[in-house]
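For reference, the structure is listed below as structure tokens.
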There are 2 protein chains.
Amino acid sequence: MNTDNTKSQMRKGMLEYCIMLLLHRQSCYANDIIQRLREAEMIVMEGTLYPLLSRLKNDGLLGYEWRESTQGPPRKYYTLTADGEEALRQLDASWEEISRTVNFLKQ
Amino acid sequence: MNTDNTKSQMRKGMLEYCIMLLLHRQSCYANDIIQRLREAEMIVMEGTLYPLLSRLKNDGLLGYEWRESTQGPPRKYYTLTADGEEALRQLDASWEEISRTVNFLKQ
DNA sequence: TTATAGTACCTTGCGATACAAGGTATTATA
DNA sequence: TATAATACCTTGTATCGCAAGGTACTATAA
């Protein structure tokens with residue numbers, strides 16, 4: 001029984017949405033995001049996150065700026081662009097639709 | 001902006017769960033499932049559904065039986081097995097967890 | 001009887017993406 | 001000066017949804 005696989009599949013598509021929800025509230029750099037999503041019980045790997053952030057940036061949904069750190073190398077802080085905020089609103093709607101679907105099917 | 005792509009990604013992982021929710025209530029054959037999920041606003045393609053049903057059957061989560069049709073060729077009706085019911089309960093828990101995560105991130 | 005349309009099942013090839021593993025660069029500390 | 005810690009990124013693999021194409025059976029019309 002591969003429930004773990006299905007479970008991870010269920011979480012897969014939600015990742016972008018969750019990351020955008022996070023960035024809607026505050027700018028973050030990669031390790032911030034990993035940390036905060038872990039607190040929200042969603043595990044993300046570095047190898048997943050970096051390409052995903054690049055993808056969203058190339059799509060114009062995210063921007064970033066370098067900030068110095070007192071602890072090590074500089075950090076790349078990502079922020080939602082106006083297009084990103086608009087996309088997030090559409091994803092909010094998609095999430096609502098999925099919720100409705102599941103609740104409908106659960107009767 | 002590829003919101004459609006992200007939206008479809010969001011739905012991706014939910015498909016198995018939704019199909020199992022459906023089969024929990026009644027046995028269905030493929031076109032039944034496509035029809036009923038469409039009513040629940042979740043679009044599924046044949047090329048997606050058939051391999052998915054085979055996968056779940058091979059994992060022992062679904063069984064099937066052939067039934068004659070008055071309208072054409074016989075139909076393959078799928079039903080949740082006991083293992084399938086158990087897996088569904090675990091997916092219910094995963095869905096609850098994802099809901100909590102999203103609501104937590106939405107504040 | 002034969003041809004056509006409808007229904008139902010399945011497979012192949014492609015693209016997208018999460019993840020594991022490995023790599024590079026910068027900074028602080030021993 | 002060497003090591004550890006932090007931070008960024010890339011490559012290779014496996015999975016999976018989807019579009020397109022294919023086979024088979026049944027009913028209907030010519």
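Please read these numbers as outputs of a predicted model, since none were measured by experiment. Throughout, a chain's letter reflects where its sequence line sits, starting with A, and its residues are numbered from 1.
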Output the rounded distance in Å from CZ (A:Arg67) to C1' (D:dA7). 15 Å

Begin with the C-alpha distance, continue with both residues' side-chain angles, and end with the deciding distance and a verdict on side-chain hydrogen bond (donor to acceptor under 3.5 Å, both in side chains) for B:Thr101 and A:Glu41. CA-CA 7 Å; B:Thr101 295; A:Glu41 296 182 61; 5.9 Å; no

Between C:dC10 (C1') and B:Leu49 (CG): distance, integer Å: 11 Å

Side chain to side chain, B:Leu15 and B:Val44, heavy atoms closer than 4.5 Å: yes

Rounded to whole angstroms, how far apart are OH on B:Tyr29 and C1' on C:dC9? 12 Å

At how many degrees, to 10°, do the end axes of the helix from C:dT1-D:dA30 to C:dA30-D:dT1 meet when each uses five pairs? 10°

Distance in angstrom units between B:Tyr50 OH and D:dA24 C1', rounded: 12 Å

Rounded distance in Å - CE (B:Met14) to P (D:dG17): 12 Å

Minimal non-hydrogen separation, B:Leu91 against A:Lys7, with atom names: CD2-N, 4.3 Å

Between the main-chain N or O of B:Trp95 and the side-chain N or O of B:Ser99, is there a donor-acceptor pair closer than 3.5 Å? yes

Expressed as a whole number of angstroms, how long is the span from A:Arg75:CZ to D:dC9:P? 14 Å

Measure from CG on A:Asn58 to P on C:dT17 and round the result to the nearest Å. 12 Å

Between A:Cys28 and A:Ile33, what is the shortest heavy-atom contact and its length? CB-CG1, 3.6 Å

Rounded to whole Å, please give me the gap between CH2 in A:Trp66 and P in D:dC8. 6 Å

Return a single string for nucleotides 18-30 of chain C, one symbol per nucleotide in 5' to 3' order, where B is base contact, S is sugar-phosphate-only contact and - is none, cutoff 4.0 angstrom on heavy atoms. SBBB----BSS--

Under 4.0 Å between a Lys/Arg side-chain N and an Asp/Glu carboxylate O for B:Arg55 and B:Glu16? yes

Group every Ile, Leu, Val, Met, Phe, Trp and Tyr by side-chain heavy-atom contacts under 4.5 Å, then state whether B:Trp66 and B:Tyr78 land in the same group. yes

So which heavy atom on B:Val102 is nearest to which on A:Tyr17, and how close? CG1-CE2, 3.8 Å

Tell me which pairs pass ring pair (Phe, Tyr, Trp, His ring centres under 6.0 Å) where either residue lies in residues 18-37 of chain A, with sequence neighbours left out. A:Tyr29-A:Tyr77

